[in-house]
Amino acid sequence: MTGTAVLIAALQQATLSGVVRDSVDLEPVAYARVTVTASGSEAVAAAGVSDRYGAFVVPGAPVEGAVRVEVAAFGYALWTLTYEALPTDPVRVLLSPAPIALEGLEVSVPGRAGDPISRSRDAFVIDSVLLRTLPTILETDVLRATAVSPSASAPSDYTSVPFIRGGTSDGTPVLLDGVRLFNAFHLGGFLSAINAEVVERATILAGSGGDGMAIGSLSGAIDIATRDGARDEMRMAGSLGLASSRLSVEGPMGNSVSYLLDGRRTYIDGFTLALKRLGVISDHLPYFFQDLHAKVTADLGGVRRLSFSGYRNSESLRVHDSEETNPLDLSWGNTALSVHYRDKLGDNGIVDANLGHSRFTSDLFALGSGSTDTLLFGDGIMSEVRADLRVTWRTARATITSGAQATAFLGDHDYDHTDEFDSDEGFFFSPLTLRETSWRLAAYSIVEVSLQRGFSTRAGLRIDHFRRLATTLAPFAELSYAGSWWDARISASRSHQALASVRDEEALGASFLAYDLLVPVSKAPVPRNTEVVVGWEGSRAGVRVRVDAYARVLDNLRLPELGARPANGAALGDPSLWLVSSGSAKGVETSWSWIMRAGFSVLGSYRWARVSRTVGSATFKPRFHRNHEFEMGTSYARGASSWSARVSLRSGQPTTPVLGVMPIEVHGGGYTRLVPLGGEYNSGTLPRYARIDAGWRRESRVSWFGGGSVVPYVSVANLLSLPNVVGGYVERRASGEIKRVYLPQLPMIPFFGVEFRF
């Protein structure tokens, strides 16, 4: 084609932009496919997909003559409109919800509800539909749902925050509306701190390349986006459960502004106190948590929007003895604020600006039982300020994303104990005095280009400047091929992060309490992750399969020395005293989904992996790792009722084999202590893990408060009461027999509650 012909073709093309919304509540619809064809032609002239805010930019549309615009999204009726000429202003597309939820799948629709592997090649997406098709553990929980991803691995039943591909929580931030949320859980890690009523989707980014370049974490991220408030009328939703109650209220404020307000409060303290007064139990549990979230969104016309999001939670545990002294007073809480603005930039660009601040505080005060001497005391702060500016520019063959980012972090922790404190019985506590601040400035750019014969490529570079440490380069490159029903890709990336955790994952206490305290790395080198991923994905007849093989090398980690008995150490330590260490991870992840017309769906995953850590001269498997993990969730809906089940099969975690036991008399104590003599650290394996959860829910339409629905639910965790274990110890029985005793995980527990929407 000559230069003149290219110029003429370019002049005959234009860009269509707009926003896709639900026609009922006017919520943005993400992952909708937009196609533009010339009137009277069957060939697609241009196509695009709406982003998380429902906005789309489709370059390459014909500028002359009439055009037909079609918009398709799973769960909605097809939207079609013919224009005499391509609109120059942004268009507003209102999609009507389809009367069925799981029928009529179309290959042309890029994402389908409840299917986490259909929406992004970089991520595993948990949406509100999938949340409702998994058995409830205590209550609907977005972080527990992430365990169905083959990339996410929970270290125990007691923690809801998973580890991603051999990394740990310090390298996998949880983001809420664009701002990092520290310790995003309640009940020591058992329950997530995000109200499921307001979650639009949770995106599990397993790697640092692609979409992960904008975050700049060491080993992936969990990005949680909340819904906008309804724009048609005021609505209420919530639930009543065993542990807590939730309530959300949303609605319009004028013609272009919506609000969303939600809260949650537990009544464990009041419930157990009532049982104590009735004589049912001897002591009550003085624990509570509460959280509050608010969001205001203003539509400013076209793709322009402005949103404010605020979050606050608090928890407290105050244990009293019989003399009404205070042997334990522990409180902590989170605050997060974020602002997001977006606008159109020229004809083909969209600019996003985010500003966020988050802060975590904790306070500890403990006395000896029946004593007035303070044994444990201290407080801590983690805070982060983050500013992001990102521009996405689309042409007919390429998409260019460029951004700049500034982050300020503070870690201030001061915990200590008196001489009377017995550190051998601490289990979780260790003296700690740290105060570090850091600045991080970054710029990044990613270019995606469509090549010939189904090939495309992505390449990018992130530059980070860590104050007083180093300036680092993090490249990313990917080559992919798209066939008629399958695609394949190979990518390589690097990432850096100058944060370290005071949490020692090798301590047994880390499996029961998930709280993590972070501090900036004070000296070079900067922790680094280098990884390579090869992936394949295909979809036929409603079945979708994804396979990813990866290899990851972690350098410059801060890890504690193993010591003589790592599992018996405190879970919190001082990373300034830890060694510069390394690690590696490799594995194969497989996930599949199958959604049938009869209301039956299956979601499954399997992962084989090998993970190692090297500290000094010792190389070992970390205690949280499992070589094999299999997850499968099934759901069947008939009429107003639905049944669900989830099966978890995993290999045992590593443990140190006991070769013998040596009884040692404690001088002056009058008793004998059993000291196990172990073999090579973590060279053994705990028993295999197996768990089955089941659930039932039924939706009933009611006329209360103007009409709505009530959904009672019942679920059972560990239906067969299988004896899963998280660790072990050696004890002497009354008969004198010395035996290894395993610490169990979640027993069989029934849960029930009711959800409502009006």
Side-chain angles (χ1 to χ4, degrees), residues 1 6 9-10 13-17 30-31 33-34 46-53 55-61 110 119-123 203 205-217 220-221 223 303 342-354 388-406 441-465 471-482 487-496 529-535 537 548:
M1 182 179 291
V6 172
Q13 293 179 349
T15 299
L16 177 70
S17 64
Y31 307 109
R33 183 174 180 84
V34 182
V49 178
S50 64
D51 63 13
R52 63 188 295 178
Y53 301 109
F56 62 87
V57 173
V58 181
R119 297 189 169 188
S120 171
R121 56 182 160 180
D122 293 325
T203 303
L205 291 164
S208 54
D211 294 343
M213 287 194 71
I215 297 175
S217 62
D223 185 13
V303 303
R342 81 163 5 192
D343 201 350
K344 194 174 179 183
L345 183 65
D347 291 332
N348 293 18
I350 291 179
V351 59
D352 287 276
N354 290 273
D388 292 274
L389 181 65
R390 181 173 58 203
V391 175
T392 303
W393 188 269
R394 291 179 173 86
T395 67
R397 293 187 57 186
T399 300
I400 304 171
T401 302
S402 299
Q405 187 180 92
L441 302 177
Y444 61 90
S445 185
I446 307 172
V447 180
E448 180 175 0
V449 180
S450 298
L451 305 177
Q452 296 180 352
R453 299 180 180 179
F455 286 94
S456 64
T457 183
R458 287 192 296 175
L461 178 66
R462 181 182 174 105
I463 304 174
D464 286 285
H465 174 70
T471 298
T472 61
L473 300 179
F476 163 70
E478 179 184 80
L479 178 66
S480 61
Y481 172 80
D487 62 76
R489 61 198 177 279
I490 180 171
S491 66
S493 62
R494 172 168 285 182
S495 61
H496 301 83
N529 170 40
T530 305
E531 63 182 66
V532 177
V533 180
V534 178
E537 183 174 335
D548 288 308

Ser208 side chain reached by Glu531 side chain, heavy atoms, under 4.5 Å: yes
Validation row: Val391, Leu345 side chains within 4.5 angstrom (heavy atoms): yes
Side chain to side chain donor-acceptor pair (under 3.5 Å) against Thr471, all qualifying residues, sequence neighbours excluded: His465
Residues Asp347, Arg394: salt bridge by 4.0 Å N-O rule: no
Residue pair Ser480 / Ser456, side-chain donor-acceptor N/O under 3.5 Å: yes
By side chain to side chain donor-acceptor pair (under 3.5 Å) - contacts of Gln405 (at least two apart): Asp388, Arg462
Stepwise salt bridge (Lys or Arg N to Asp or Glu O under 4.0 Å) check, Asp51 with Arg342: CA-CA 12 Å; Asp51 63 13; Arg342 81 163 5 192; 2.8 Å; yes
Full working for side chain to side chain contact (heavy atoms under 4.5 Å, CB included) between Arg453 and Tyr481: CA-CA 8 Å; Arg453 299 180 180 179; Tyr481 172 80; 5.5 Å; no
Check: Ser17 and Lys344 side chains under 4.5 Å, non-hydrogen atoms: yes
Any side-chain heavy-atom pair of Ile350 and Asp343 under 4.5 Å: no
Spacing of Asp211 atom CG and Thr203 atom OG1 [to the nearest 0.5 Å]: 8.5 Å
Check against side chain to side chain contact (heavy atoms under 4.5 Å, CB included), Phe56 and Leu16: CA-CA 8 Å; Phe56 62 87; Leu16 177 70; 4.1 Å; yes
Candidate pair Arg390 and Thr401, rule side chain to side chain contact (heavy atoms under 4.5 Å, CB included), full reasoning: CA-CA 7 Å; Arg390 181 173 58 203; Thr401 302; 3.7 Å; yes
Salt-bridge criterion met for Asp352 and Arg52 (N-O under 4.0 Å): no
Exam field: side chain Arg494 to backbone Pro475, donor-acceptor pair closer than 3.5 Å: no
Partners passing side chain to side chain donor-acceptor pair (under 3.5 Å) against Ser402 (at least two apart in sequence or in another chain): Ser445
Heavy-atom check, side chain of Leu479 versus side chain of Arg489, under 4.5 Å: no
Thr15-Asn348 side chain donor-acceptor pair, cut-off 3.5 Å: yes
Main-chain N/O of Ala477 paired with Ser491 side-chain donor or acceptor, under 3.5 Å: no
